[in-house]
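What follows is a set of notes on a single structure, which appears directly below.
Note on naming: letters A, B, ... go to the chains in the order of the sequence lines (proteins, then strands), and numbering restarts at 1 for each one.
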Number of protein chains: 4
Amino acid sequence: MEQLTDAILHQVITPRPADSHKGNYGRCVLIGGARQYGGAILMAAEACVQAGAGLTTVVTAKENHGPLHTRRPEAMAVDWLDFALTESVIETADVLLIGPGLGDSERVRKLLAFVLQKRQPDQWLVIDGSAITILAEAAGGNLIKLRQLLGFPETVVFTPHQMEWQRLSGIPITQQTSRATKAFTKELGATVIAKSHRTTIFAADGFCARNPHGTPAMATGGTGDTLAGIITAFLAQFPQNGKTIAAAVYLHSLIADDLAESRYVVLPTEISGALPLWMKHFEYD
Amino acid sequence: MEQLTDAILHQVITPRPADSHKGNYGRCVLIGGARQYGGAILMAAEACVQAGAGLTTVVTAKENHGPLHTRRPEAMAVDWLDFALTESVIETADVLLIGPGLGDSERVRKLLAFVLQKRQPDQWLVIDGSAITILAEAAGGNLIKLRQLLGFPETVVFTPHQMEWQRLSGIPITQQTSRATKAFTKELGATVIAKSHRTTIFAADGFCARNPHGTPAMATGGTGDTLAGIITAFLAQFPQNGKTIAAAVYLHSLIADDLAESRYVVLPTEISGALPLWMKHFEYD
Amino acid sequence: MEQLTDAILHQVITPRPADSHKGNYGRCVLIGGARQYGGAILMAAEACVQAGAGLTTVVTAKENHGPLHTRRPEAMAVDWLDFALTESVIETADVLLIGPGLGDSERVRKLLAFVLQKRQPDQWLVIDGSAITILAEAAGGNLIKLRQLLGFPETVVFTPHQMEWQRLSGIPITQQTSRATKAFTKELGATVIAKSHRTTIFAADGFCARNPHGTPAMATGGTGDTLAGIITAFLAQFPQNGKTIAAAVYLHSLIADDLAESRYVVLPTEISGALPLWMKHFEYD
Amino acid sequence: MEQLTDAILHQVITPRPADSHKGNYGRCVLIGGARQYGGAILMAAEACVQAGAGLTTVVTAKENHGPLHTRRPEAMAVDWLDFALTESVIETADVLLIGPGLGDSERVRKLLAFVLQKRQPDQWLVIDGSAITILAEAAGGNLIKLRQLLGFPETVVFTPHQMEWQRLSGIPITQQTSRATKAFTKELGATVIAKSHRTTIFAADGFCARNPHGTPAMATGGTGDTLAGIITAFLAQFPQNGKTIAAAVYLHSLIADDLAESRYVVLPTEISGALPLWMKHFEYD
């Protein structure tokens, strides 16, 4: 298993062409944020904006719109009860993220089903948090059904922590070896970010790597939401492949490790705030 | 075509007379921010406040008032459903801006028509974003009708990107040469900020110039809203002419270029935050 | 007319006794913030909190509570439609401020009348903004009636700009000499902060002084609201006299002058943010 | 009486194991924030998040959810009118805090009674602010009844100021000697943080110490709410005993003393913001 190094960032984060505009950096649509978990989708959104997505639209409970615009006016907001508007922004999306703070309700399950049903093969989809669990339950341990639900697994990215991965893959946490996860991922045909102390990336295109970074200072709710937002933004502006996804994972924890040099606790929003400077640092190889 | 330099800022940004007050720096009224796009009008408003407007009032959906006051309590807020109050703030405005996050609805079209109808010749009007498209459709490609709709074109500023300019002028993007845009602008009699990789200003008073600055790091939704807010504030406090408008365009991208030295992504709100320091820098020539 | 110097700050801002608590630094109640002008009362409140008031309660439209708590959770909020609660917080207040963003409506007039009626002689009252105009109209140019309305003029502070002072005193702006203002203030028996290019303080206890500071960089809506909040906090924690009020005026513009060294525009909220550091600087003489 | 020193921080704040996650740092549930006092629970929550709690859920009036998510999206929010959801988050909590901005109403009394009734012996409970007064009244000066109400006093922490301590213990402020407070605390069997100029900790496990830090610059509403949040987070991640509680008290005032070197006023939220850096400083002994 390859170990990621700074080289992955130099490869992925390339200088932007001078004559480019926001349309070149992707339309991202982020879906999540049930009332109780509104902060999760806010954190995903600000990670997405600060990681360089051209246009970020958040489909979420109306209660979250004010906080979203207050924290990051650069993002747009759609009420997730407004089905027609939700449909139209999903249709024109380049990259979709569903999961941060999504919760689990009948409506949310319908929304996830709708996204899966409408999604075109070239629209990448990041599936995070409770969306993984909902999907695992829907598939009921049947891999063929899971692949059918995904439609085009090769443009899906899962970001499970260990328990979520157990639910999705059926592999118990204690048996989640690289070999086992890699084998299941290959069958699944999607990209999997297996989050743990040392997160491992198993990409649908065959790229596999272990992330050497990460710190227990990140052990605060919201860290995963932030990572999901960064992956979304990276897929929106860089080549859509395993290396790009791995670069997002690597950068997230590299920044955290740096902040943890001086902080006992690294808040997820601090990582997002540091993205523009760090991305610049690695722009030239 | 003249290329803008720092000299334009030295000329326009002059020291304020000691014995002056907020009334001397203009009443700006900013109209926009449909629910989905609430952040756009927030970004225009904070650019306007931080660029030195004396009084900034935002006419927008009520949902945006809380976020506006939270981000910039210096701005005032009017519910755009309150027609009487909207009318009264428009009447006493020195400079008007319509467009950021305006969206396109029957109500919004009426609001735009109302602004155009009530506007006095000495009230400058900046027309941005979807307001340009609405107006282009209303004119139906008829220049005389467009001039009639504007009423007093010489105190109007358009800030179209290339597609919006195509809609307004009828000139296809591929044929938007300086010569073609200048010719149409002259017929129109208004000022046009033709936004592109190298934005060009064609002012109603004959001043034309190309902006050498700008960076793809600005390719995030909200950059145009911020520019519109700066133009509005500049027209509210400096001589109302092409040079002042050009100075606003130049400063916006000069700050972005500077921030982009250390940032892969330059968020629009960061540009606004830097305005007071940069304006001071150029105050003395 | 004495010119204020740093000495006034050294005299007024004294070290706090070690064994003191928030009750020693005053209960301030700030009343204002009609919907359109919600930002004004937010700015007064954060100036009050950051200038060291022990407890700050804001009586304002409910729409402003969220933005208030978001910007400064240290402040408490009372819905100004809740008459009983408003009455109870007014009764226990040490210092009252009415005016920032108050607007002018029947309800607001009643609220002002209620404050004037309920106020005890030792509850200082700062009257700012539209509250001055409302009171001027209520008095109808009759000084005796004005004094009656105030109840205890000697614990009232007015903070009029020139037009408001004309309305209250009947002295036309062009005739607002120090002599004329001083004479009227003496008759009135209250303290007057006559705001202009060089603000002058005429205190009820005879202290008169001119403020040499102030900059046109402050010419943004909200500057007066911020000043009113600082005066309120100073009256809540320092000896309640003309020197203390003058110190508040002096400090507000001293900070602005310093910020204006590097800023073309000094936002009111920046002044508030700098208060704790500046007050420390002058704590020791 | 032992005097606390930096040593308590070195002992308590230990390096986090590399292979740990947010579940290892506790589920904290904070209850409070009636409308008028919404800021209090926000301040407790951000102290809790920034002091390193793994997961922070705030049970509060719905009006406070937007401001909470705006200030700290890392926290989750539960409407305190939603009894079922409140019950479920309480059940899975590791540490509970009730009191900041709680106010006093029939509903709030029921909520407190419910928390006390449902609480398991290993769920630590911090009782702050008006919750102390409500409990004092419910016990009516009867120590046995008070112990019964608490259920498991040994996992309860009270944070009374002097008047609240008088209400709870029956000891008049003038007679609140260390000896008297210690004696009552021993009978009570709970931990008491007796807040005053020099706060003293009397822990249920016998640990007693006086805090040498603290400054009158902290004399602003919200300081106690912040302390309560830090205690909660410390109990969620460090050994649950008197030393850990004392370390929280010590750190809170140590940071304030440091900030007060350069500030006349130290806002509670500034203390919270400084927590991650200070905790890192003391991580290694």
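Both the backbone and the side chain of A:Thr269 come within contact range of chain D, each with at least one heavy atom under 4.5 Å from a heavy atom of that chain. For a residue to count as touching a neighbouring chain, one of its non-hydrogen atoms must lie under 4.5 Å from one of that chain's; by this rule D:Pro17 touches chain A with the backbone only. Contact annotation for A:Arg35: both backbone and side-chain heavy atoms come within less than 4.5 Å of a heavy atom of chain D.
When the candidates A:Gly66, A:Pro268, A:Ser196 are compared by the number of heavy-atom contacts under 4.5 Å with chain D, A:Pro268 comes out ahead. Taking chain D as the reference chain and counting heavy-atom pairs below 4.5 Å, the highest number among A:Asp225, A:Thr70, A:Thr215, A:Leu267 is found for A:Leu267.
Within residues 40-63 of chain D, the residues that have a heavy atom under 4.5 Å from a heavy atom of chain A are D:Val49, D:Gln50, D:Ala51, D:Gly52, D:Ala53, D:Gly54, D:Leu55, D:Lys62, listed by number. Along residues 71-93 of chain D, the residues that come nearer than 4.5 angstrom to chain A, judged on non-hydrogen atoms, are D:Arg71, D:Arg72, D:Pro73, D:Glu74, D:Met76, D:Ala77, D:Val78, D:Leu85, D:Val89 in order of number. Residue-level contacts of residues 217-224 of chain A with chain D, in order of numbering, are A:Ala217, A:Ala219, A:Thr220, A:Gly221; threshold 4.5 Å between heavy atoms.
Heavy atoms only, all atoms of each residue included: A:Tyr264 and D:Ile13 are closest at CE1-CG2, 3.6 Å.
Residues passing the side chain to side chain contact (heavy atoms under 4.5 Å, CB included) test with D:Ser262, sequence neighbours excluded: C:Leu277.
Between D:His65 atom NE2 and A:Gln36 atom CD the span is 9.0 Å, to the nearest 0.5 Å. With values rounded to the nearest 0.5 angstrom, D:Lys22 atom NZ is found 6.0 Å from A:His161 atom NE2.
Panel note: side chain D:His69, backbone A:Asn64; no donor-acceptor pair is recorded below 3.5 Å. With hydrogens and angles disregarded, a donor-acceptor distance shorter than 3.5 Å links the side chain of D:Lys280 to the backbone of A:Ala260.
In this structure, D:Arg16 places its CZ atom where more than 12 heavy-atom neighbours from other residues, nucleotides or ligands lie under 6.0 Å away. The neighbour count for A:Tyr37 OH, taken as heavy atoms of other residues, nucleotides or ligands under 6.0 Å away, does not exceed 12.
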